[in-house]
Amino acid sequence: MSNIELSEQELIRRGSLQKLRDLGINPYPANEFKVNVTANQILTTFNPEIPNLQEVVFAGRLMGQRIMGKASFGELQDETGRIQIYISRDEICPGEDKTLYNEVFKKLLDIGDIIGVNGYVFITQMGETTIHVKNFVLLSKSIRPLPIVKEKEGKTFDAFTDPEQRYRQRYLDLIVNPHVKEVFLKRTKMINQMREMFNERGYVEVETPILQPIPGGAAARPFVTHHNALNMPLYLRVANELYLKRLIVGGFEGVYEFSKDFRNEGMDRTHNPEFTVMEIYVAYKDYNWMMDFTEEMIERVALALHGKTSITVGDKEIDFKRPYKRITMFDAIKEYTGIDISEMDENALREVCLKIGVDCDNTMGKGKLIDEIFGAKCEGNYIQPTFVTDYPVEMSPLCKKHRNNPELTERFELMVNGKELCNAYSELNDPIDQLDRFQEQLRLSEKGDNEAMFIDMDFVRALEYGMPPTSGMGIGIDRLTMLMTNSVSIQDVLLFPQMKPEKRAEEDPIEKYLELGIPTEWVEVLMKMGYKKISQLKEVKPGKLFNDLCGFNKKNQLGLSNPAANDVTQWLN
RNA sequence: GACUCAGUAGCUCAGUUGGUAGAGCACAUCCCUUUUAAGGAUGGGGUCCUGGGUCCGAGCCCCAGCUGGGUCACCA
């Protein structure tokens, strides 16, 4: 980047960088810097009566500076928080040479620089726990100014809030918005809790293919890619269900995976094209067992994160204390519409839809119609955790038929805050039934249902060898994190949410300008003035360009010697 | 995908029938020195998202586009 593109503050910082080097200070030293304490440890353990922490070594990012002649204060931020530092000139510079204080600390350090200090901890007259610095060393120079966020009495000033910048430059968000880090620490803690619980029970964490020849296990539009050596299409997985069940066939009796899945669909507050799902499969269990297991898991997560089961989500209070309400889908529909659909056929259901104002069309089968009614009239009402069970067979091609009713399946979804959080089955292990269901999906697909599943014949073959009765459950980790951290957007629980690429203005390479005989220094000027392409340049009159160039030179005090009007004319020919 | 709101200094934001581009913080210079977002004084800093149009004149009005937010639709 040429200097002409930089803001004044960036230029000043680059100047400071050079001055530091001139003073023999390496702004990016290589050696290890051994700290022996964190900000949080200092703030929580310092006791002025002992006193402890009299030889601390600390490193962090300089987030504030209050310079006052012979003595200064600053704030350093490490992973655990912020701590004030106190620096006095004559301690840092005991001799005649006061450069380290007057120049380096006061002028050449900037907010954002990472420094290491050693000294002792004390409490100022104002009652602030502070490191009294005996020495400091620059560990990394920051040449781009940070947004300055200030806080007093819980009130935030000049908060860095632009969502676009926060998501695109998450590193910046994390530096200046400490509460953001909390969300991600909770996310990790949540995942660790779940993993711990599964491992305690002897279930095995596995990894299954992300690149799949058949994108099975869910009905969703996949991302497609191509393998060159095999010359075949491959799909990013939309689910890992069929692979985990193959492992149950292979003799594992409990397997789980935290799985990044990919769906080529719309993006909004609750959908990102890549997202995380935890799926677990346990042999010799059924969906009733899995409901108990799921309750236990979620209650455990809530307790680990909040120390209690009742959590505020938006304007609602949600209690994750088990047991959760269990209701069949038919009863749920009866509860909210007053209509008993349990004996109805497709036509009767379509009439119900018309009567209660639920959109439907002729491509919809029985299962889809029921799903629409449930989605429109019931789903949003389940704020407290509720297991909705026994879905119609048409909607659940991988799920075992209900032991008491072949039109239903042994499936449950856990609804929380009006949305689906978990999905679980007594897994279908009858290979002949499975093939029938896949073929039914194919028929639905031909009928126009673009959400129907692909057929995976190898999976059917695996079932033919015999899969033990198994229950499986999948839970959206991003959605669970949103609930547990009271976040309204999936972007707030993903470190790097998907964004459209930043648009960069097209520009011709410098060589093209040089070919026209334009000197390098003037190419930079032209770029800065907005002539990013030769074609733009060709459209302007030489006289105007000449005037503009000289004017720009003068206004910005570039100190260049102006070209001759004739030269400019030559360039444009 | 539809509708809607927004984009102005490094950050947060003002900007009056359309008439010389503003504030606070940050930055620079100087003065002061144990301060709690902000000591004092002075100063520098702008592609008003981009491209068209209307107009004597556009940050402002009109059209198109880009990026983002919100609502809805879609999302077993």
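Throughout, a chain's letter reflects where its sequence line sits, starting with A, and its residues are numbered from 1. Model, not experiment: these values are computed from the prediction.
- Q125(A) comes within 4.0 angstrom of sugar-phosphate atoms only, judged by non-hydrogen atoms across all strands, and of no base.
- A distance of about 14 Å separates the C1' atoms of rU47(B) and rG7(B), rounded to the whole Å.
- For H402(A), there are no ring pair (Phe, Tyr, Trp, His ring centres under 6.0 Å) partners, not counting sequence neighbours.
- Classified by interplanar angle (parallel below 30°, tilted 30° to 60°, perpendicular above 60°), the ring pair Y86(A)/F122(A) is perpendicular.
- Pair assignment for rG57(B): none, as no Watson-Crick or G-U wobble contacts are both less than 3.5 Å.
- Residues satisfying the side-chain hydrogen bond (donor to acceptor under 3.5 Å, both in side chains) test with S426(A), not counting sequence neighbours, are E410(A).
- When both distances must be under 3.5 Å, the Watson-Crick or G-U wobble mate of rU67(B) is rA6(B).
- For F275(A), there are no ring pair (Phe, Tyr, Trp, His ring centres under 6.0 Å) partners, not counting sequence neighbours.
- Pair check for rG46(B) finds none; no Watson-Crick or G-U wobble contact set falls under 3.5 Å.
- Among residue pairs with one or both ends in residues 171-181 of chain A, those qualifying as salt bridge (charged side-chain N to carboxylate O under 4.0 Å, His left out) are R166(A)-D173(A), R170(A)-D173(A); sequence neighbours excluded.
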Could you go through nucleotides 9-12 of chain B and list every protein N or O atom that sits under 3.5 Å from one of its N or O atoms, giving the distance for each pair?
residue, atom, partner, partner atom, Å
rG10(B), N7, Q9(A), NE2, 3.3

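- Nucleotide rC72(B) forms a pair with rG1(B), judged by Watson-Crick or G-U wobble geometry with both contacts under 3.5 Å.
- Backbone-only engagement by Q491(A) is indicated by non-hydrogen atom pairs under 4.0 Å involving sugar-phosphate atoms exclusively.
- Contact annotation for Y86(A): base contact, defined as any heavy-atom pair under 4.0 Å involving a base atom.
- Taking the P atoms as reference points, rC62(B) lies 16 Å from rA58(B), given to the whole Å.
- Positionally, the nearest nucleotide of RNA chain B for F122(A) lies more toward the 5' end than for the other of F122(A) and M499(A).
- The partner of rA38(B) is absent, by the rule that a Watson-Crick or G-U pair needs both atom distances under 3.5 Å.
- Residues satisfying the side chain to side chain contact (heavy atoms under 4.5 Å, CB included) criterion with S72(A), sequence neighbours excluded, are I67(A), Y101(A), F105(A).
- Mapping R13(A) and T124(A) onto RNA chain B by nearest heavy atom places R13(A) at the nucleotide closer to the 5' end.
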